[in-house]
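Here's the structure we're looking at; comments come further down.
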Amino acid sequence: MDVLLGLQWGDEGKGKIVDFLSENYDLIARFQGGPNAGHTIKFDGKKFVLHQLPSGIFRSNVHNLIGNGVVLNPTILREEIETANETFGDITPRLHISEKAHLILPTHMLLDAAYEKQKGKDKIGSTLKGIGPVYQDKIARLGLRVGDIKRDDFIDKYKAIYEHHEQKLAFMGHEIPKDIDKEFFDAIDFMKDLHLVSSEYLINEYSSEAKKILAEGAQGTLLDIDFGSYPFVTSSNTSSAGACTGLGISPKSIDQVIGIFKAYCTRVGSGPFPTELEDETGNLLRMKGGEFGATTGRERRCGWLDLPALKYAVMLNGVTTLYMMKADVLSGFEKIKACTSYRVDDKYETDKLPYDLNTVSIEPIYKQFEGWPDEDLSGKLPDTLKNYIKFIEDYVGVKVGLLSYGPERDKTTIFKKNKL
Ligand code: GDP
Ligand code: IMO
Ligand code: MG
């Protein structure tokens, strides 16, 4: 099994690359996160944004799995399936859903909004899809899972958790609007006809038959619940370890770990971002890169590439190959910068991430590079771009195996034997 995941704060272009690679795999499996993800795929002049479905779903010969580590909003899942069906015919025969994936209830979304309101100026900037509250219930051993929907006591279980949420919400001064769960129950009925499976058996069978599996990460390593910029993180393990617990597959089964990163950095929501550019350059990156959230439409904060953070992510995930995205967005910049170390509290310099990025002041120390012209990057690469890539490879100690220079499938160059 190979794992593909984001090395920054999400939105690195995972959807594009998973779709691009998926024709070489038998199974694409999401292992964590939920509809907070927004994975954009463009081909044949069409654009799709996937929140719940794995990004291999558009290839007719590829199976897709929503693993046990994922949290599932039935209404969003249903909408996404129906939209995909309109263009591609019935996609459900190739979709498998773990019975052990937890369900996001309408009240989880209300709780998400209530917690954010309570946090005031310290809010996380959550996508408000109920992610924190549903994982909270999972860990508290209160959650409802996909497999429960076919059981006779599903409604009783639902009511118990609803009342629990009602009390929490009342404590924070909120009421649950009437009929909040009508669509939810319609979608639950819809789900009963899907392939709800013991996905840990399915994926291990694929693995033992030497079928090719690609695990598709959501969010990015710097949003990992353990290693991200806590508390400004999501509520799951976005790093490669999450692929094992989120699919029920052993670490021994992992072959390649593909780490994808943008040639610069973005972040959406609150939290520390050492290389953020709150100036014209940042605006230019946002405009050229179309840096607006695929899930919430919010402006993404933009800045230069942060190499200490990238190296940290490479270390945590055991990245074997790097894929560099959005090189075209930097085309035409006369000078480009990348942060190589941090000056912390004006006292010392380090290339390691401090314990709590929120409580120290960080001045990024930059190396400046010559830019490359605003030209098509499909042919021979400009030397200045090669230099930039080479510097990154030497800094983090892993080769770049693929370069992306546009949102479409064909705007992608694979480096033979990882050579530029
Ligand atoms: P994901 O969450 O990692 O799948 O990424 P998103 O889909 O949220 O954001 C990536 C955005 O960049 C999408 O709008 C993609 O269509 C777009 N994109 C992906 N790769 C490239 C690229 O190489 N160049 C440009 N200009 N856009 C890209
Ligand atoms: P993809 O898979 C970028 C961010 C939110 C917020 C924090 C917590 O498209 O890369 P949550 O809703 O999980 O409670 O939000 O994490 N966030 C993302 N940022 N891309 C994503 O997913 C994200 N999913 C969550 O903006 O700061
Ligand atoms: Mg995204």
Side-chain angles (χ1 to χ4, degrees), residues 4-20 30-43 46-52 54-55 70-71 73 104 108-109 111-113 115-116 119 123-136 216-225 228-236 238 260-273 285-301 323-331 377-378 402-413:
L4 179 142
L5 38 75
L7 300 179
Q8 295 162 322
W9 281 286
D11 304 328
E12 295 88 350
K14 298 175 289 294
K16 163 179 166 163
I17 293 299
V18 172
D19 165 69
F20 173 79
R30 276 274 310 264
F31 58 88
Q32 45 68 234
N36 48 348
H39 294 182
T40 314
I41 298 168
K42 282 188 177 172
F43 57 89
K46 294 195 246 353
K47 173 179 159 177
F48 301 90
V49 181
L50 297 176
H51 304 286
Q52 290 281 187
S55 300
V70 172
V71 286
N73 178 319
I104 302 177
H108 283 130
M109 287 179 277
L111 283 165
D112 215 353
Y115 289 138
E116 281 287 75
K119 289 196 175 88
K123 69 175 183 179
I124 309 293
S126 159
T127 60
L128 303 180
K129 301 292 176 195
I131 306 298
V134 69
Y135 277 119
Q136 200 177 321
E216 172 183 4
Q219 290 82 53
T221 307
L222 305 177
L223 290 170
D224 183 277
I225 183 73
S229 46
Y230 193 87
F232 299 99
V233 291
T234 190
S235 300
S236 63
T238 57
I260 95 167
F261 69 102
K262 286 182 197 178
Y264 50 98
C265 268
T266 65
R267 172 164 205 164
V268 56
S270 331
F273 182 177
L285 286 171
R286 185 174 310 113
M287 289 312 169
K288 270 195 92 175
E291 298 295 359
F292 298 89
T295 298
T296 57
R298 290 177 293 178
E299 279 191 355
R300 293 177 184 151
R301 299 154 63 192
Y323 285 6
M324 189 168 105
M325 310 298 292
K326 301 191 101 164
D328 55 306
V329 175
L330 291 186
S331 295
L377 294 174
S378 61
L402 177 147
L403 184 79
S404 172
Y405 51 91
E408 300 82 12
R409 280 178 181 165
D410 59 350
K411 298 261 183 341
T412 315
T413 302

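None of the values given here were measured: they were computed from a predicted structure. All ligand and atom numbering here is 1-based and tracks the order in the structure.
For G220, the closest heavy-atom approach to ligand 2 does not fall below 4.0 Å. Residue G125 places a heavy atom under 4.0 Å from ligand 2. Ligand 1 lies within reach of G406, whose nearest heavy atom is under 4.0 Å from it. Using a 4.0 Å cutoff on heavy atoms, R300 does not count as a contact of ligand 2. Residue K129 places every heavy atom at 4.0 Å or more from ligand 2. Taking 4.0 Å as the cut-off, R267 does not count as a neighbour of ligand 2 on heavy-atom distance.
Under the ring-ring contact (aromatic ring centres under 6.0 Å, His included) criterion, H39 pairs with no residue at all, not counting sequence neighbours.
Within the 4.0 Å heavy-atom criterion, neither part of D112 lies near ligand 2. When non-hydrogen atoms are compared, ligand 2 lies under 4.0 Å from the backbone of W9 (N, CA, C, O) but not from its side chain.
Restricting D11 to its N/O/S atoms, the shortest distance to the Mg ion (ligand 3) is reached by OD1.
Taking each of V134, L223, T238, T296 in turn, the one with a heavy atom nearest to atom 17 (N) of ligand 2 proves to be L223.
Considering backbone and side-chain atoms alike, G15 places an N or O below 3.5 Å from some N or O of ligand 1.
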